[in-house]
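Below is one structure, written out as structure tokens; the observations come after it.
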Amino acid sequence: MRDVRRGLGAAAAALLVMAAIALAALLLLGAGRFGDLTALTAAVVALAVGGSADVAAVPSGALPITVHGAVDVMPLGVSLAGAVVLGALVLRPGRDGLAVRATTAAVSAVAGLAAISLLAQGNLTLRVPGGASACGPGTGVTSRLGGAVDAGFSAAVLPTVAGAAVWALVVAGVCGLAVRFPVVVPGLRWAATVFGVLTAGCALVAGVFGGAAAAGAVLLALPQAVSGALVLGLGVPWTVTSSGVLSCAFPGIEPGGAWIWVPVVVLTACAVVVAARSGPGGALRRAGVFAAVTGGVLAVVTLLSRVSVDLGVTAFGLSIPVLDARLSANPLLALAAGAVAGFAGGLLAGAISVSSRAWKR
């Protein structure tokens with residue numbers, strides 16, 4: 001029973017941390033102007049495990065017209081914070097009772113996230129500037145709405161539950177891997193520490209130079225920003241596709257020299273840390289592990305960083321697609337580029353390790 005209680009406590013703590021970070025980000029973004037913060041916080045937590053948010057509005061007038069849309073984006077800052085807390089508390093008591101703690105925590109987390117998705121419904125007050133161009137100046141697509149538009153929003157329960165199950169199983173799997181291979185534990189602990197310090201530092205810097213809204217955006221989407229800059233620096237573009245009545249030629253984000261410094265700095269720093277923490281020998285093996293980890297992480301984060309926005313109008317029983325926009329990068333290209341860069345970083349770590357030993361002599 002003690003391990004069951006610990007599993008329940010781990011799930012509760014993880015959900016509380018996710019809700020706290022989501023609420024802090026929404027407060028910094030000033031989201032209270034648009035809707036109830038409790039429902040919005042629940043929606044952000046649901047999105048963080050793979051759910052989707054649906055929005056619907058009925059314009060004033062006698063015509064049977066409904067505007068509906070869906071947003072699919074994962075605030076990975078919230079996702080990773082919850083995963084770190086859940087995994088740390090499940091692993092903390094040790095190997096004994098791990099299966100019971102992990103199972104209890106996974107089931108409890110999924111049930112809690114299902115309840116949270118039910119709370120994620122309310123009203124939004126959206127302000128639409130009259131005469132604003134929907135796709136930018138010069139496109140010829142102009143909004144004539146103007147003023148405030150009241151809309152209802154909700155989180156889809158089934159996608160949230162499915163995403164929560166995958167999220168919890170991944171965390172439980174990583175915990176099992178850490179117990180099976182204890183050498184992984186220091187690396188996981190170091191990665192969690194770096195994530196926490198980097199998030200706090202970047203939020204502080206963003207708040208000082210960009211204001212409260214920038215700090216809130218960092219809390220929600222720092223992993224996307226870092227991985228996006230990394231893959232751009234490695235030559236993988238981010239593309240924007242759109243279709244529908246308001247489809248526009250959105251420019252993608254092309255890789256270039258302005259981004260190359262990001263992977264250079266990050267991989268060099270990782271190489272220095274790896275060299276300092278690893279012993280002599282096994283340079284090629286270390287480089288291979290570094291390549292696999294770097295490529296795998298970049299591919300997964302790139303896949304999870306996809307954003308899609310769908311907007312449509314239903315009138316007189318007919319559904320008209322207005323806009324379907326998607327931002328994405330190719331995860332296979334990110335895997336390949338990350339593996340090559342990781343292998344180079346692993347070789348650099350070996351060279352640094354050899355040089356440091358020679359210097360000490």
Side-chain angles (χ1 to χ4, degrees), residues 1-18 21 48-50 74 76-110 112-113 163-199 222-223 226-227 266 269-279 282 285-301 303-304 335 338-339 342 345-346 349:
M1 287 300 295
R2 181 171 59 182
D3 288 312
V4 172
R5 290 195 300 269
R6 286 173 173 171
L8 289 171
L15 296 183
L16 285 174
V17 167
M18 294 172 73
I21 293 176
V49 294
M74 286 186 71
L76 288 180
V78 178
S79 313
L80 290 179
V84 168
V85 172
L86 184 64
L89 293 179
V90 168
L91 278 176
R92 188 174 181 180
R95 179 189 293 267
D96 294 338
L98 175 66
V100 175
R101 290 193 306 275
T103 302
T104 304
V107 173
S108 303
V110 172
L113 287 163
V166 174
W167 175 82
L169 288 175
V170 168
V171 175
V174 171
C175 291
L177 181 67
V179 170
R180 178 67 178 83
F181 302 100
V183 70
V184 175
V185 175
L188 292 174
R189 188 179 296 118
W190 176 77
T193 303
V194 169
F195 169 67
V197 172
L198 187 63
T199 300
L222 179 63
V226 173
S227 66
V266 172
C270 291
V272 171
V273 173
V274 170
R277 299 178 66 92
S278 60
R285 180 174 177 273
R286 182 193 296 119
V289 172
F290 209 49
V293 172
T294 305
V297 169
L298 277 183
V300 170
V301 177
L303 184 63
L304 296 179
L335 173 65

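Scope of the values below: all heavy atoms of this structure, side chains included, with no hydrogens, waters or symmetry mates.
- Here L188 contributes atom CG and C175 contributes atom SG; the two are 8.5 Å apart, rounded to the nearest 0.5 Å.
- We find the OG1-CG distance between T294 and L335 to be 10.5 Å, quoted to the nearest 0.5 Å.
- Pairing each heavy atom of F195 with each of P223, the nearest pair is CE1-CG, 4.2 Å.
- Every residue two or more places apart in sequence or in another chain that forms a side chain to side chain contact (heavy atoms under 4.5 Å, CB included) with A192 is listed here: V84.
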Taking distance alone, no hydrogens or angles, what donor-acceptor pairs closer than 3.5 Å link side-chain atoms of residues 2-12 to residues at least two apart or in another chain?
| from | atom 1 | to | atom 2 | distance (Å) |
| --- | --- | --- | --- | --- |
| D3 | OD1 | R101 | NH1 | 3.1 |

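- Judged purely by atom type and a 3.5 angstrom limit, S227 has no side-chain atom pairing as donor or acceptor with the backbone of L298.
- Here L169 contributes atom CG and T103 contributes atom OG1; the two are 9.5 Å apart, rounded to the nearest 0.5 Å.
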Checklist line | Steps toward side-chain contact (heavy atoms from CB on, under 4.5 Å) verdict (V90, V171) | finding: CA-CA 9 Å; V90 168; V171 175; 6.0 Å; no

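- Residues passing the side chain to side chain contact (heavy atoms under 4.5 Å, CB included) test with V85 are A13, A14, V17, L89, sequence neighbours excluded.
- For A178 against L91, the heavy-atom pair with the smallest separation is CB-CD1, 4.0 Å.
- A search for side chain to side chain contact (heavy atoms under 4.5 Å, CB included) contacts involving V110 returns V161, A164, A165, A168, not counting sequence neighbours.
- The line from CG of L113 to CH2 of W167 is 6.0 Å long, rounded to the nearest 0.5 Å.
- Evaluation of the side chain to side chain contact (heavy atoms under 4.5 Å, CB included) rule for L304 yields M74, L76, V300 as partners, not counting sequence neighbours.
- Counting all heavy atoms, side chain and backbone alike, V100 lies closest to T104 at O-OG1, 2.8 Å.
- Looking at every heavy atom in both residues, L98 comes nearest to G176 through CD2-CA, 4.3 Å.
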